[in-house]
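Structure, as structure tokens:
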Amino acid sequence: MAVGIFDSGLGGLTVLQAIAARLPDQPLVYLGDNAHAPYGVRTQDDIFDLTRAGVQRLWDCGCDLVVLACNTASAAALRRMQEAGVPQGKRVLGVFVPLIEALTEREWGDNSPPREVAVRHVALFATPATVASRAFQRELAFRAIGVDVEAQACGGVVDAIEDGDMILAGALVRGHVDALRRKLPNPQAAVLGCTHYPLLQDVFAQALGPDVTVYSQPALVAESLAYYLARHPEMAGTGGGITYLTTGDAGRVSDRATQFLRHPVEFIAA
Ligand code: DGL
């Protein structure tokens with residue numbers, strides 16, 4: 001059985017790539033809602049409705065397990081979807097928890113009470129909607145105490161990436177790092193809380209300097225999915241293969257994806 005990977009657009013490809021490398025035998029279906037990207041400037045209700053529709057589309061494709069490879073969708077929709085109840089046999093997972101478990105040095109699935117951790121001052125870079133939701137801080141508070149999170153809403157970065165303008169995206173990232181440093185001069189760790197940002201990880205790392213540990217999601221999410229599938233083998237499949245679906249213009253999205261992944265990628269209309 002294929003696992004579904006959902007994002008507002010191209011950013012989830014960073015997660016998909018890591019999952020495909022970690023689980024080469026697992027069939028995957030990627031759905032980018034490029035027709036409605038970026039999500040990060042939309043209302044929480046709007047993001048919820050779009051995310052629910054995207055997840056339903058992947059469930060209808062036979063993907064019983066769907067990973068929201070999008071922080072904005074995870075922040076606005078994951079808890080709400082899970083609380084409303086997902087259909088029998090279906091599952092949806094997000095991207096926050098693996099990241100926070102790594103940041104707080106927890107084993108996967110460790111549900112012990114929150115405790116003091118080594119890291120104290122954390123910079124969070126994310127979309128305006130993720131920052132406004134405070135979902136990251138909420139999930140962190142379940143696991144750690146005494147961590148000071150300074151969030152920087154990185155307006156414009158996702159739009160520039162979706163447009164393929166990496167020069168503009170890089171300039172915007174440097175501006176957002178400067179803005180963050182004015183609020184938190186010496187972060188110990190920086191969280192790239194948007195799956196588009198690993199495409200600019202070098203720019204973030206260079207702007208932040210060598211003393212800041214940068215946490216990026218793709219490898220962490222891939223590892224936690226491998227762990228999940230080992231515990232739920234009924235959700236896993238064999239034979240590999242990736243299907244790429246988009247709600248946007250398939251030709252344009254294929255060109256951008258090919259540029260980012262550095263190998264030919266062909267999207268088809270969802
Ligand atoms: N990749 C999405 C995320 O992780 C981008 C959101 C957007 O479309 O603005 O938040």
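Read the numbers this way: they start at 1 and go in the same order the structure lists the ligands and their atoms.
Using a cut-off of 4.0 Å between Lys/Arg side-chain N and Asp/Glu carboxylate O, R52 and D49 are scored as salt-bridged. Salt bridge annotation for E139-R79: present, with a cationic side-chain nitrogen under 4.0 angstrom from a carboxylate oxygen.
The residue among E162, H196, H36 with a heavy atom at the shortest distance from atom 5 (C) of ligand 1 is H196.
Less than 4.0 angstrom separates some heavy atom of T127 from each of these atoms of ligand 1: 6 (C), 9 (O), 10 (O). Ligand-side atoms of ligand 1 in range of N71: 3 (C), 4 (O), 10 (O), range being under 4.0 angstrom from any heavy atom. Close contacts between ligand 1 and S8 involve ligand atoms 5 (C), 6 (C), 7 (C), 8 (O) [criterion: under 4.0 Å to a heavy atom].
Between N34 and D249, every side-chain heavy-atom pair lies at or beyond the 4.5 Å cut-off.
Given atom 7 (C) of ligand 1, the protein heavy atom at minimum distance is Y39 N, 3.2 Å. Protein heavy atom in closest approach to atom 9 (O) of ligand 1: G40 N, 2.8 Å. Remark: minimum distance from atom 10 (O) of ligand 1 to any protein heavy atom is reached at T72 OG1, 2.6 Å.
Shown here for A18 and A219, the closest heavy-atom pair between the two residues is CB-N, 4.0 Å.
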Evaluate ring-ring contact (aromatic ring centres under 6.0 Å, His included) for Y197 paired with F125, printing each intermediate quantity in order. CA-CA 9 Å; Y197 300 170; F125 296 94; 7.7 Å; no

Do D178 and R181 pass the salt bridge (Lys or Arg N to Asp or Glu O under 4.0 Å) test, and can you show the C-alpha distance, the side-chain angles, and the key distance before you say yes or no? CA-CA 5 Å; D178 285 348; R181 276 206 187 277; over 6 Å; no

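Classified by interplanar angle (parallel below 30°, tilted 30° to 60°, perpendicular above 60°), the ring pair Y244/F267 is tilted.
Contacts between D7 and ligand 1 below 4.0 angstrom, taking non-hydrogen atoms only, involve the side chain exclusively.
Distances from ligand 1 to the non-hydrogen atoms of A37 include no value under 4.0 Å.
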